[in-house]
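The structure under discussion appears below in the form of structure tokens.
These numbers come from the heavy atoms of this one structure, side chains and all, not from hydrogens, waters or symmetry mates. This chain uses plain numbering: 1 for the first residue, then up along the sequence.
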Amino acid sequence: MRLASKIFAASALIILVLVGVAIWSLLAVNRLVEVHREAVTLSLPALRIETALRDSVRNLVRLEGRALVLGDDTYAAMWDERASRTATDFEVLHAFLTTEEELDRYREAMATFMTYRRLVRAERGMLARGNREGALRLSEGESRAATEQADTALDRLIAATNTALERSQAGAAELERRTWNATLLALLASLVVALATTGLLALRMTRSLRRLSAATAQLAEGSFARPLPVESTDEIGDLARSFNRMAERLREVDLLKEEFFSHVSHDLRTPLTSVREATQLLLERVPGPLAPKQERLVQIIRASAERVLGLVSQILEFSRLRARLLPLEHRWVNLEKVVARGLDELRPQAEERGIQVERSTSGSDFGVLGDEDRLLRVVVNLAGNAIKFTLSGGSIAVRLADRGAEVELVVEDSGVGIPPEALPGIFDPYHQAHRGQPGSGLGLAIVRGLVEAHGGQVSVQSEEGKGTRFTVRLPRQGGSDRPAEHPAKPRSPAP
């Protein structure tokens with residue numbers, strides 16, 4: 001799946017979840033509204049009608065008594081009108097009742113009311129026949145009992161409606177509580193789904209990009225060895241495959257370059273060595289004496305051969321370092337003696353340029369496990385660089401320090417320093433901080449390669465115009481066990 005499709009699918013899933021939660025919430029709210037509407041449009045009107053019916057029945061009793069006692073037809077007409085309205089209210093009430101208990105009480109009240117109306121009609125018939133005493137007995141007997149039963153039935157009906165209303169309100173409250181809880185739970189679940197989906201997508205993308213970034217850094221440092229695993233078919237997977245192809249091509253180019261330098265260096269060493277030996281024989285006058293001009297030309301040839309041979313040796317040594325084919329002889333070495341030997345080798349060059357060389361130590365144990373000749377090369381390259389970039393009258397300080405599990409070598413000069421823009425790549429091969437200076441640009445690259453081959457680290461601090469300080473930290477064991485037969489002995493600080 002392509003990256004755009006993954007992002008669209010994740011976004012669509014989040015949107016669908018949120019839409020589902022919204023629809024469910026609307027349905028729950030609609031149900032809650034229906035419950036409230038039922039209470040407002042049914043139970044409350046029913047209560048009003050039931051209360052009015054109870055009052056109407058009581059008013060009918062009073063009108064009945066007046067019409068019977070006074071014999072006034074006006075009260076009888078009022079009773080008939082009120083009874084008709086009450087019967088109509090009973091019929092209307094039936095539409096507002098929702099529970100079986102309400103319907104039972106309604107039927108009971110309706111039956112007693114109809115009985116009361118029938119008894120009142122019987123009373124009027126007796127009055128019309130002149131039987132006033134019989135009408136009074138019927139009114140005070142069966143009619144009163146019917147009205148009391150109707151009043152009681154209406155009270156029970158009101159109680160049943162109140163019960164239904166309370167039950168409806170309790171159900172609405174419970175539904176509201178469940179709706180809120182379910183809505184919050186659904187929102188929380190949708191949030192978790194959204195975060196999980198986007199987090200998983202972001203994690204997969206950032207993990208692939210971090211892996212690609214780390215591989216790019218390794219490739220820039222020349223330590224990228226294995227191809228990146230390709231786990232997807234999206235654009236990031238395409239990028240990883242392209243990166244692997246690029247890394248393979250660069251590896252092939254580096255291999256071709258190393259082979260080229262190695263072959264060229266090897267092929268040049270033999271004729272250059274022959275030229276150097278021939279010039280040496282001429283200078284020693286083995287074939288015969290030389291004229292002064294001839295001797296001067298031979299000296300120029302010898303110096304040029306020495307310089308080219310040194311350059312070829314550097315290229316060959318660096319090629320072996322890059323290919324990890326440079327042999328190292330691990331034995332216990334006194335680094336103080338190595339430093340003294342290197343400075344003795346460079347002292348004539350320093351004296352010729354009027355540069356003061358100082359050597360100092362801190363501590364007593366400067367033994368490391370390593371290759372003495374390669375460590376000498378590190379000292380000579382660093383100190384030679386310091387002499388090269390220090391003006392006449394300047395100074396160079398070489399310090400050794402015992403740092404417990406490590407030995408620290410510091411070479412500091414008061415020279416021209418390194419420009420800030422050149423400092424990050426100062427250990428890169430063929431890189432020169434100061435253009436126009438003689439040299440191949442491999443000296444510091446070889447220093448770093450030799451130091452790292454011994455398990456150490458080299459760093460640089462410099463300020464342009466004030467000098468440079470190189471710091472080398474070498475572990476004592478150099479990645480191997482320390483030989484028991486070569487214990488380190490305390491040494492006095494060198495003058």
Side-chain angles (χ1 to χ4, degrees), residues 34-173:
E34 288 179 357
V35 171
H36 283 290
R37 184 187 298 118
E38 181 179 333
V40 172
T41 60
L42 296 178
S43 298
L44 292 179
L47 282 174
R48 287 197 297 269
I49 295 173
E50 289 162 1
T51 303
L53 285 173
R54 185 178 60 184
D55 294 339
S56 295
V57 169
R58 292 173 181 175
N59 288 331
L60 287 172
V61 172
R62 288 193 292 271
L63 290 173
E64 175 203 357
R66 291 175 183 176
L68 186 62
V69 172
L70 299 175
D72 191 344
D73 292 338
T74 303
Y75 288 108
M78 293 174 62
W79 188 96
D80 289 337
E81 183 185 358
R82 179 64 60 86
S84 297
R85 287 203 309 267
T86 302
T88 302
D89 289 342
F90 265 109
E91 293 176 0
V92 173
L93 176 62
H94 184 271
F96 293 96
L97 303 180
T98 58
T99 66
E100 288 297 328
E101 184 180 4
E102 287 180 293
L103 292 174
D104 290 341
R105 298 293 176 259
Y106 168 78
R107 285 189 287 269
E108 180 183 354
M110 185 70 175
T112 54
F113 175 72
M114 297 305 294
T115 300
Y116 173 61
R117 290 187 72 180
R118 181 177 54 80
L119 291 173
V120 171
R121 285 195 294 269
E123 290 175 11
R124 290 183 180 179
M126 290 180 182
L127 286 175
R129 292 190 297 270
N131 188 2
R132 186 179 182 81
E133 292 182 0
L136 288 173
R137 284 195 302 270
L138 183 60
S139 175
E140 294 175 357
E142 293 183 21
S143 294
R144 291 296 168 271
T147 56
E148 290 175 359
Q149 290 176 1
D151 191 76
T152 302
L154 287 172
D155 286 340
R156 291 176 179 175
L157 179 57
I158 291 172
T161 303
N162 276 323
T163 302
L165 178 60
E166 291 174 357
R167 189 179 299 116
S168 177
Q169 290 175 342

What closest approach, in Å, do Ala150 and Thr112 show between heavy atoms, and which atom pair accounts for it? CA-OG1, 3.1 Å

State whether a side-chain donor-acceptor pair under 3.5 Å links Thr163 with Glu101. no

Hey, does the side chain of Arg124 reach the backbone of Ala76 with a donor-acceptor pair shorter than 3.5 angstrom? yes

Stepwise, does the side-chain hydrogen bond (donor to acceptor under 3.5 Å, both in side chains) test hold for Glu91 with Thr88? CA-CA 5 Å; Glu91 293 176 0; Thr88 302; 5.2 Å; no

Partner of Glu50 under side chain to side chain contact (heavy atoms under 4.5 Å, CB included), picked from Ile158, Asn162, Asp89, is Ile158

Would Arg85 and Glu81 count as a salt bridge (charged side-chain N to carboxylate O under 4.0 Å, His left out) if you check the C-alpha gap in whole Å, the side-chain angles of each, and the deciding distance to 0.1 Å? CA-CA 6 Å; Arg85 287 203 309 267; Glu81 183 185 358; 3.1 Å; yes

Steps toward side chain to side chain contact (heavy atoms under 4.5 Å, CB included) verdict (Val120, Tyr116): CA-CA 6 Å; Val120 171; Tyr116 173 61; 3.6 Å; yes

Output the distance between atom CD (Glu102) and atom CZ (Phe96), rounded to the nearest 0.5 Å. 12.0 Å

Looking at side-chain heavy atoms only, is the closest gap between Trp79 and Thr74 below 4.5 Å? no

Counting neighbours of CD on Glu142 that are heavy atoms of other residues, nucleotides or ligands and sit closer than 6.0 Å, is the number greater than 12? no

Please report the C-alpha distance between Leu53 and Val57 in whole Å, then the side-chain angles of each, then the deciding distance to 0.1 Å, and finally whether the side chain to side chain contact (heavy atoms under 4.5 Å, CB included) criterion is met. CA-CA 6 Å; Leu53 285 173; Val57 169; 5.5 Å; no

List the atom of Tyr75, the atom of Arg66, and the distance in Å for their closest heavy-atom pair. CE2-CD, 3.7 Å

Thr147 side chain vs Arg144 backbone, donor-acceptor pair below 3.5 Å: yes

Apply side chain to side chain contact (heavy atoms under 4.5 Å, CB included) to residues Arg117 and Phe113 and explain how you reach the verdict. CA-CA 6 Å; Arg117 290 187 72 180; Phe113 175 72; 3.3 Å; yes

Using 0.5 Å steps for rounding, measure from the CD1 atom of Ile49 to the OG atom of Ser56. 11.0 Å

For Arg105 and Glu100, what are the C-alpha separation, side-chain angles and deciding distance, and is it a side chain to side chain contact (heavy atoms under 4.5 Å, CB included)? CA-CA 9 Å; Arg105 298 293 176 259; Glu100 288 297 328; over 6 Å; no

Between Ala46 and Thr161, which heavy-atom pair has the shortest distance, and what is it? CB-CG2, 4.0 Å

So, for Leu119 and Ala146, which heavy atoms are closest and what is the spacing to 0.1 Å? CD1-CB, 4.1 Å

Which heavy atom of Ala83 sits nearest to which heavy atom of Leu60, and what is that distance? N-CD2, 3.6 Å

Shortest non-hydrogen pair, Asp104 vs Arg107, comes out as OD1-NH2, 2.6 Å

For a salt bridge (charged side-chain N to carboxylate O under 4.0 Å, His left out) check, start with the C-alpha distance between Arg54 and Asp155, then their side-chain angles and the critical distance, and finish with the verdict. CA-CA 8 Å; Arg54 185 178 60 184; Asp155 286 340; 2.7 Å; yes

Counting N and O atoms only, with roles assigned by atom type, does the side chain of Ser84 sit under 3.5 Å from a partner on the main chain of Asp80, one being a donor and the other an acceptor? yes

Inspect the surroundings of CE in Met126 and state if more than 12 heavy atoms from other residues, nucleotides or ligands are less than 6.0 Å away. yes

